[in-house]
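Have a look at the structure below before the remarks.
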Amino acid sequence: MALYSAAASVLAGLQRREGALKTLVYKSRFQNVKQLYALVSETLRYSLVLDSIMAGAALLKAEKKLPPHLAKVLVYDLLFGKGLKCGGRWKVLVLKHRARLQAELARLKVRRKVSCNEDLLAPTDGMIQAPQVPRYVRVNTLKTCKDDVVDYFKRQGYSYLGRAARMEELSSLSGKQFLLDPHLPELLVFPPQTDFHENRLYVAGHIILQDKASCLPAFLLSPPSEAHVIDACAAPGNKTSHMAAILKNKGQIFAFDLDPNRLATMSTMLVQAGVSCCELANQDFLTIDPSDPKYNNVTYILLDPSCSGSGMVNRLPAEESAPSSERLRALAGFQRKALSHALRFPALQRLAYSTCSVQQEENEDVVWDVLQEHGTAFRLVNVLPSWPHRGLATFPGAECCLRACPTATLTNGFFVAVLERQQECNSQVSSSSLLAEVDGGAERSQDGEGRGPLAARKKRRKKSQCVK
């Protein structure tokens, strides 16, 4: 019953506009935040469908003591989820109406001329729609390896199709098929809605359920083993655990977050994932002194600041995914401060800035403003050239940034920009227009010029890309 009550409280808080979904989930103090987040997200996704079914079955008229938000959560799990496994007396009340609720669901499908539940989520439901993104599973290399995880799933009856050659292959998965992602070497791809929350590998921390776009910042930052790294706005910690895996638990990660509840949950998750190279601090990153000797060796920073979350359109109702202009201005102001502050760490060589937002104000505009502020000290890196969705052409070199969205990349909406310190600055050239071609950090040199055919291409292109 605790799960359903917590989910109903979060729904009520969203209706009263007491905070964003993630904030309310963490404030709930429910022990399994991922389970709670998943239940609330899916209930929200089916919200108007559930309203129609409950109205047709006259559920709230028949059960006047049943709280509406609790009713919605219970009906979701009964009709679209895993079935009611708890709920106490409220479960008994809802089950009395199961036949009528199921009949209303069947009638709704007939009226909409659809055959499966997912097809009910049409634009007429008032929801922002996006293609179903696959279920991405990151292999936690701190505890296991990709081959062992693949073998485990094959023993569980899954069919492994090897590494995908094209993005289109990810959208054609069905049943118990799975693939290796074409871009990230430890990312497995399963059909949408595949549930691993009770899988033994997930419970043991051997796999991390993380959207592909969310894996990009640490992957593109690509800190070498034994590097000192700052994760500036770290909770809930998936990116932190990914960086620890890239570092092979060597070096040092300094992780900061202002929310103590999120940080406590993150601490538990990192222990479960086997992370031992991370130092957590319940502290505002903006209050950290870049000149503190403790951070003298910090050469890499991952900055994923608070944002509007507008890229999560496949989970949130339409009104939550359209932030007001005032909120966007406030968020962008904080993001600019955080990015500018991060670039002041004296030993910094490389930084990844990311948001789960699709708003230009939080993405290209922030990067451009801060690059101008810091002159020629930093340049954008043209990361992962094979990625199909690039930054908006709002300033010279913006195409070096990555964007992600359900239609183009089969992920949630996301933005990533990677900045590198210039080793030899040309005072006549804008920092944003000096570009280095790097595919996942595979070809970087210490002198800033590089070697081989990649560097030669860069030199040939530099003159045409510079802005005087």
*asked:* Ignoring hydrogens and geometry beyond distance, is a side-chain donor-acceptor pair present between N363 and T355 at under 3.5 Å?
replied: yes
_Less than 3.5 Å apart, any donor N or O on the side chain of S340 or E373 sitting next to an acceptor on the other?_
yes
More than 12 heavy atoms of other groups within 6.0 Å of [X] [atom1]:
X    : atom1 : answer
E279 : CD    : yes
K248 : NZ    : no
R344 : CZ    : yes
K143 : NZ    : yes

_As a quick check of understanding, evaluate side-chain contact (heavy atoms from CB on, under 4.5 Å) for L419 and L371, giving each step before the final call._
CA-CA 9 Å; L419 285 67; L371 278 173; 3.8 Å; yes
Can you name the nearest heavy-atom pair linking [X] to [Y], along with the distance?
X    : Y    : answer
L380 : G397 : CD1-O, 3.7 Å
G237 : L270 : O-CD2, 4.0 Å
N238 : M269 : N-CE, 3.5 Å
Q335 : P305 : CG-CG, 3.7 Å
L348 : T299 : CD1-O, 3.5 Å
L410 : P134 : O-CD, 3.3 Å

Do [X] and [Y] make a side-chain contact, defined as non-hydrogen atoms from C-beta onward lying under 4.5 Å apart?
X    : Y    : value
I230 : F345 : yes
Y300 : L247 : no
P346 : S291 : no
V418 : L221 : no
V229 : I301 : no
L161 : L173 : yes

*Could you tell me if the ring centre of F80 sits under 6.0 Å from that of Y46?*
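Judged by ring-centre distance (under 6.0 Å), F80 and Y46 do meet the cut-off.
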Would you give the length of the straight line joining atom [atom1] of [X] to atom [atom2] of [Y], rounded to the nearest 0.5 angstrom?
X    : Y    : atom1 : atom2 : result
N282 : L263 : CG    : CG    : 5.5 Å
D257 : M266 : CG    : CE    : 7.5 Å
F414 : L216 : CZ    : CG    : 7.5 Å
S225 : I246 : OG    : CD1   : 11.5 Å
L142 : H206 : CG    : NE2   : 10.5 Å
N382 : W387 : CG    : CH2   : 14.0 Å

_Among Y160, Y136, F196, exactly one meets ring pair (Phe, Tyr, Trp, His ring centres under 6.0 Å) together with F190. Which residue is that?_
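Of Y160, Y136, F196, ring pair (Phe, Tyr, Trp, His ring centres under 6.0 Å) with F190 is met by F196 alone.
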_Option among F256, Y295, F285 that satisfies the ring pair (Phe, Tyr, Trp, His ring centres under 6.0 Å) test with H341_ =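 Only one of F256, Y295, F285 forms a ring pair (Phe, Tyr, Trp, His ring centres under 6.0 Å) with H341, namely F285.
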*What's the verdict on side-chain contact (heavy atoms from CB on, under 4.5 Å) for Y353 and F415, showing C-alpha distance, side-chain angles and the deciding distance?*
CA-CA 8 Å; Y353 171 80; F415 174 87; 3.9 Å; yes
*Whether W368 and F395 hold their rings parallel, tilted or perpendicular, with breakpoints at 30° and 60°*: parallel
_Any donor-acceptor N/O pair, E364 side chain to L392 backbone, under 3.5 Å_ =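 Flag set: sc E364 to bb L392 pair under 3.5 Å.
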*Please answer whether the main-chain N or O of N261 pairs with a side-chain N or O of T265 as donor and acceptor at a distance below 3.5 Å.*
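Here the side-chain-to-backbone pair exists.
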*Under the side-chain hydrogen bond (donor to acceptor under 3.5 Å, both in side chains) rule, what pairs show up with a residue in residues 174-199, not counting sequence neighbours?*
K82-D195, Q132-Q193, D181-K212, H183-K212, D195-H197
